[in-house]
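Index from 1, following the sequence. Since we're looking at a predicted model, the values are computed, not measured.
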Amino acid sequence: MGNRDHVKSKKTGARAGRTRQGQRRSASRRTTQKAREERRRKRMLILMAILFFLLLVLVLRSCVMGVDVSSLNYPSYVQQDFIEEDGHARTGREMKRVNDIVIHYVANPGSTAEGNRDYFDSAQSYVSAHFVVGLEGEVIQCVPLDEQSSASNDRNPDTISIEVCHPDSSGKFNDKTYGALVKLTAWLCDEFHLDEKDVIRHYDITGKNCPKYFVEHPKAWEQFKEDVKNEM
């Protein structure tokens with residue numbers, strides 16, 4: 001082989017060597033990239049597993065634990081006068097969560113908050129409410145907020161119930177009663193992280209004509225919710 005052929009052969013061999021080195025480096029980079037992607041994928045899976053576990057804990061906690069009323073800051077106008085636990089008007093069943101506030105009317109024109117509270121506490125009663133708002137704007141709490149009332153049918157487990165007194169058969173609340181109801185409802189919304197859209201009528205659960213005036217006058221009902229919103 002001549003010198004020229006020998007030099008040409010060396011150059012060819014050098015190029016082949018560089019090609020093999022390049023291939024090895026390329027293969028090494030691909031392997032490194034795959035390893036990085038695998039580590040990233042594992043980190044994402046671990047993160048997703050942690051988030052899923054935390055979500056599961058929160059869901060189980062909400063299902064198992066009841067409403068915590070220990071931190072509630074009751075307004076001065078609320079008078080607590082709980083009825084006796086009798087298994088029917090006051091069942092003692094635990095309230096798991098609060099999703100809505102239900103407005104009722106007492107359907108007994110001219111009756112007082114105290115009179116309705118005492119009826120709930122009587123042997124013949126199988127109904128109760130968490131609160132009764134009276135004709136003078138007084139507010140009596142009849143059932144603790146971590147217990148179910150017996151007012152809103154199948155929504156008892158997740159609602160707070162308010163019975164409201166009225167002076168006549170129209171079911172319309174007087175100004176003192178209405179003002180107290182707005183304040184009480186707004187306070188409950190604040191405490192339980194609700195808004196005016198979470199305030200409903202007994203009618204919205206069962207179709208019953210309760211509270212009568214708000215069912216028969218939808219605009220008055222919408223104004224009430226707007227007043228609650230403005231009070232919050």
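- The two residues Lys208 and His202 come nearest to each other via the heavy atoms CD-CE1, 3.7 Å.
- In this structure, a donor-acceptor pair under 3.5 Å is present between the side chains of His104 and Ser152.
- Heavy-atom neighbours of Tyr74 OH from other residues, nucleotides or ligands within 6.0 Å: above the threshold of 12.
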Passes side-chain contact (heavy atoms from CB on, under 4.5 Å), Glu38 versus Arg41? Steps please.
CA-CA 5 Å; Glu38 182 65 19; Arg41 190 179 70 85; 2.9 Å; yes
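- Under the 4.5 Å side-chain contact rule for hydrophobic residues, Val102 and Leu194 do not share a cluster.
- With a 4.5 Å cut-off on side-chain heavy atoms, Thr112 and Cys165 do not count as touching.
- Connection of Val215 to Val133 is not established within any shared hydrophobic cluster, with ILVMFWY side chains joined at heavy-atom distances below 4.5 Å, either directly or through further cluster members.
- Between the His130 side chain and the Ile162 main chain, no donor and acceptor come within less than 3.5 Å of each other.
- Taking all atoms of both residues into account, the shortest heavy-atom contact from Leu135 to Ser111 is CD1-O, 3.8 Å.
- Scanning for side-chain contact (heavy atoms from CB on, under 4.5 Å) contacts around Ile50 gives Ile46, Leu54, with sequence neighbours left out.
- Of all non-hydrogen atoms in Gly137 and Ala180, the two that sit nearest each other are O-CB, 3.3 Å.
- Within the hydrophobic cluster formed by Ile, Leu, Val, Met, Phe, Trp and Tyr side chains joined at under 4.5 Å, directly or through other members, Ile83 is accompanied by Tyr119, Phe120, Val127, Val132, Val143.
- Closest heavy-atom contact between Leu188 and Leu145: CD2-CD1, 4.1 Å.
- Rounding to the nearest 0.5 angstrom, the gap separating the CD atom in Glu163 from the NE2 atom in His166 is 8.5 Å.
- One distance of note links SG of Cys189 with CG of Asp100; it measures 9.5 Å at 0.5 Å rounding.
- Between Glu138 and Gln79, the closest side-chain pair of non-hydrogen atoms is not below 4.5 Å.
- You'll find the side chain of Phe214 stays beyond 4.5 Å of the side chain of Val164, heavy atoms only.
- How far SG of Cys142 is from CD of Gln80: 10.5 Å, rounded to the nearest 0.5 Å.
- Side chain of Asp198 to main chain of Asp195: a donor-acceptor pair is present (N/O by atom type, distance under 3.5 Å, no hydrogens or angles).
- Contact of the Arg155 side chain with the Asn99 side chain is registered, since non-hydrogen atoms from C-beta on lie closer than 4.5 Å.
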Output side-chain donor-acceptor pairs under 3.5 Å for residues 218-227, partner residues at least two apart or in another chain, one line each.
unit_1 : atom_1 : unit_2 : atom_2 : d
Gln223 : NE2    : Asp227 : OD1    : 2.9
Asp227 : OD2    : Tyr178 : OH     : 2.6

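- Remark: the backbone N or O of Ser128 is not paired with any side-chain donor or acceptor of Ser150 at under 3.5 angstrom.
- Between Arg201 and Pro211, the closest side-chain pair of non-hydrogen atoms falls below 4.5 Å.
- Within 6.0 Å of the CD atom in Glu84, the count of heavy atoms belonging to other residues, nucleotides or ligands does not exceed 12.
- For the pair Leu181/Phe131, no side-chain contact is recorded, criterion being any heavy-atom separation below 4.5 Å from C-beta on.
- Side-chain heavy atoms closer than 4.5 Å link hydrophobic residues (I, L, V, M, F, W, Y) into clusters, and following such links, even through other members, never connects Val228 to Ile200.
- Other residues, nucleotides and ligands contribute over 12 non-hydrogen atoms within 6.0 Å of the CG atom of Asn230.
- In this structure, the side chain of Asn156 engages the main chain of Asn153 through a donor-acceptor pair within 3.5 Å.
- The two residues Tyr105 and Gly171 make their nearest non-hydrogen contact at CD1-CA, 4.1 Å.
- Formation of a donor-acceptor pair under 3.5 Å by the Asn209 side chain with backbone atoms of Tyr203 is not found in this model.
- Considering CG of Asp190 and CG of Asn73, their distance stands at 11.0 Å, rounded to 0.5 Å.
- With Asp86 contributing its side chain and His88 its backbone, the two residues share a donor-acceptor pair below 3.5 Å.
- At least one donor-acceptor pair closer than 3.5 Å links the side chain of Thr177 to the backbone N or O of Gly134.
- Of the inter-residue distances, the one linking Glu147 atom CD with Thr91 atom OG1 reads 7.0 Å to the nearest 0.5 angstrom.
- Residue Leu72 is grouped with residue Val78 when hydrophobic side chains (ILVMFWY) are merged at heavy-atom distances under 4.5 angstrom, including chains of intermediate members.
- Salt bridge status for Glu114 with Arg117: absent, with no side-chain N to carboxylate O gap under 4.0 Å.
- Put simply, Tyr77 and Ile140 are part of two different groups of oily side chains (I, L, V, M, F, W, Y) that touch within less than 4.5 Å, one to the next.
- Two residues are said to be in side-chain contact when any heavy atoms from C-beta on lie closer than 4.5 Å; Ser169 and Lys212 fail this criterion.
- Looking at heavy atoms from C-beta onward, Asp154 lies in side-chain contact with Ile205 at the 4.5 angstrom threshold.
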